[in-house]
Amino acid sequence: MSAHAVDGSCLLAGGTAGPAALSALLSAALDALATGAAERGGPLPGGGPDGVAADVRRTVGAAGRVLPERGTGPRESLDALVRAVARGAADPADPLCAGHLHCPPLALAVAAEVAASALNPSMDSWDQAPAASELESLVCRELAELVYGGRPAEPPAGAACAPGGPGAPGDPGRAPDALVTSGGTEANQLALLLAREAGFRRVVCGANAHHSVHRAAWLLGLEPPLVVPAERGVLDPAALDAVLRRSGGAAPLVVATAGTTDSGDVDPLEEIAALAARHGARWHVDAAYGGPLLFSERLRGRLAGTERADSVTFDLHKLGWQPVAAGLLAVPEARGLRALDHRADYLNADDDTDAGLPDLLGRSLRTTRRPDVLKVAVTLRALGRAGMAELVERTCEVAERFAGLVAADRRFELYADPPLSTVLFRPAGATDRTVALVRRRLLAEGRAVLGRAQLDGRLWLKATLLNPLARASDLSALLKLVADAVPHVPKGRSR
Ligand SMILES: *Cc1c(COP(=O)(O)O)cnc(C)c1O
């Protein structure tokens, strides 16, 4: 024990001495990050799954196994493993890494994440997270205001002109609120759960809805969702109307998407809101991807109608530049979350709650829960709404610029102008098989990470552009890599 205490394996991160202990270890970790990134030298390692696995096994094997009999000490361990994971990373900070809704995190947010880990508050009871829980409730209410701020006030029953509606003073239950989630998947699950508890047991969603909607229905014991066609990636309101007319007595939950995972398309939210209202349906907007457009005065109009939804999924680890995890589920009235209330004597005994200790257990289905709110709060304060808006706008401009390059290049076909920051394209005249091969070749050679999307019956390459700092030269380099990866076809033969 004493040998390890001396070499730093058993120093603690918290308290007044923690930061000094951390500082030396963090500098070892940062050195390993820099070395690993330099060894990789690109957006991802070359060699494909076999090459990367061999490198990781070699690194682990140098200590004998993952759990060696005698430890190697903190510096060796940090250096070897952080370096190996960095060397073998698909790094979204590289503009050529644009496959998924996998964002490059801001250094600022990562620094806050380190502090959050050092303090390690757990968000399931006030006595584990006194300040963090208060910060969480402020962040949640303010982000819910961002979503629902434009919602028309409903006068409370029996009061002709009382100061009701969102933010009504004195009745926090009627003000917008949000729950912190591990991402869009958990937020969608909670949305379906809240709907089920409110009596909406059938889900209707577009063919463009995220797979997590289907899984949530399965998990919650609901019938499989009724799927409405999505023409050109967007839910068809006429088809939705027909389904709602046929749904008989029991009104369903309608799930719309603001920023689809495949193409970044936004469903016609105003029309869906009107249809849901006409048919007495509940409705949810999955804005996991598009939600941060609400920061921008210029772009928030694209999400008009969201403020009328019964719940909204909103991720900040996609267009919000947070390290995973940073998700939210917003609702127009905090009291709509009461279905999640739950008791565990050791966390929220009635007499503790009566004596004024905040009851946190109903704010998640999880028990032990990370303080993801700190990095979010630090980011929002440092950048302000205007700074967040600028990052979102710049990212959308990067996508427009890339789409412009594709459109101007006769070797490629562009699917459509990007509604958000996703650009779908394919080599002109290529087969689906060639499209898939080009993607895998770029991955195996460690040159670029692009995604794939099946739309309109064809396979497309997907550039999910989330790096606001990507330069024009990065984008032309990406397009050139794709052109060079297309198998050469001798003249006179078709691919
Ligand atoms: C990414 C995404 C999700 C899932 O979110 P996670 O944060 O990955 O759990 C849900 N819906 C949409 C539209 C998404 O793009």
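In this chain, residues are counted from 1 in sequence order. In listed order, ligands and their atoms are each counted from 1.
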**Q** Counting each atom of ligand 1 from 1 as listed, which ones have a heavy atom of D315 under 4.0 Å away?
**A** 5 (O), 6 (P), 7 (O)
**Q** Can you list the atoms of ligand 1 that are under 4.0 Å from a heavy atom of T185?
**A** 4 (C), 5 (O), 6 (P), 9 (O)
**Q** For Y415, is the NZ or CZ atom of R232 found under 6.0 angstrom from the centre of its six-membered ring and inside 45 degrees of the ring axis?
**A** yes
**Q** Indicate, as side chain, backbone, both or neither, the part of T313 found under 4.0 angstrom from ligand 1 when only non-hydrogen atoms are considered.
**A** neither
**Q** Inspect the surroundings of CZ in R385 and state if more than 12 heavy atoms from other residues, nucleotides or ligands are less than 6.0 Å away.
**A** yes
**Q** Does the N or O separation between T261 and ligand 1 drop below 3.5 Å for any pair?
**A** yes
**Q** Show the atoms of ligand 1 that are less than 4.0 angstrom away from any heavy atom in G259.
**A** 13 (C)
**Q** Check step by step if salt bridge (Lys or Arg N to Asp or Glu O under 4.0 Å) holds for R338 and E333.
**A** CA-CA 10 Å; R338 281 186 200 145; E333 295 194 337; over 6 Å; no
**Q** Go through ligand 1 atom by atom and flag the ones less than 4.0 Å from a non-hydrogen atom of D286.
**A** 10 (C), 11 (N), 12 (C), 13 (C)
**Q** Which ligand 1 atoms, with their elements, are less than 4.0 angstrom from a heavy-atom of A288?
**A** 2 (C), 3 (C), 10 (C), 11 (N), 12 (C), 14 (C)
**Q** Counting heavy atoms only, name the option from K318, H100, H210 that's nearest to atom 8 (O) of ligand 1.
**A** K318
**Q** For ligand 1, which part of H317 has a heavy atom less than 4.0 Å away: the side chain, the backbone, both, or neither?
**A** side chain
**Q** Taking only heavy atoms of L101 into account, list the atoms of ligand 1 that are under 4.0 Å away from them.
**A** 15 (O)
**Q** Work out whether the distance between some heavy atom of G327 and some atom of ligand 1 is less than 4.0 Å.
**A** no
**Q** Say whether D267 and N208, considering side chains only, have a donor N or O and an acceptor N or O under 3.5 Å apart.
**A** yes
**Q** Using a strict 4.0 Å threshold on nitrogen-to-oxygen distance, state whether R87 and D55 make a salt bridge.
**A** yes
**Q** For the residue pair D432 and G457, what are the closest heavy atoms and their distance?
**A** OD2-O, 4.2 Å
**Q** Might you point out which heavy atoms bring P237 and E271 nearest each other, and give the distance in Å?
**A** CG-OE1, 3.3 Å
**Q** Going by an N to O cut-off under 4.0 Å, is there a salt bridge joining D341 and R363?
**A** no
**Q** Taking the side chain as C-beta and beyond, is there a heavy-atom pair between F402 and L479 under 4.5 Å?
**A** yes
**Q** Should you measure from each heavy atom of G183, which atoms of ligand 1 turn up under 4.0 Å away?
**A** 7 (O), 9 (O)
**Q** Distance under 4.0 Å to a non-hydrogen atom of G184: what atoms of ligand 1 satisfy this?
**A** 4 (C), 5 (O), 6 (P), 7 (O), 9 (O)
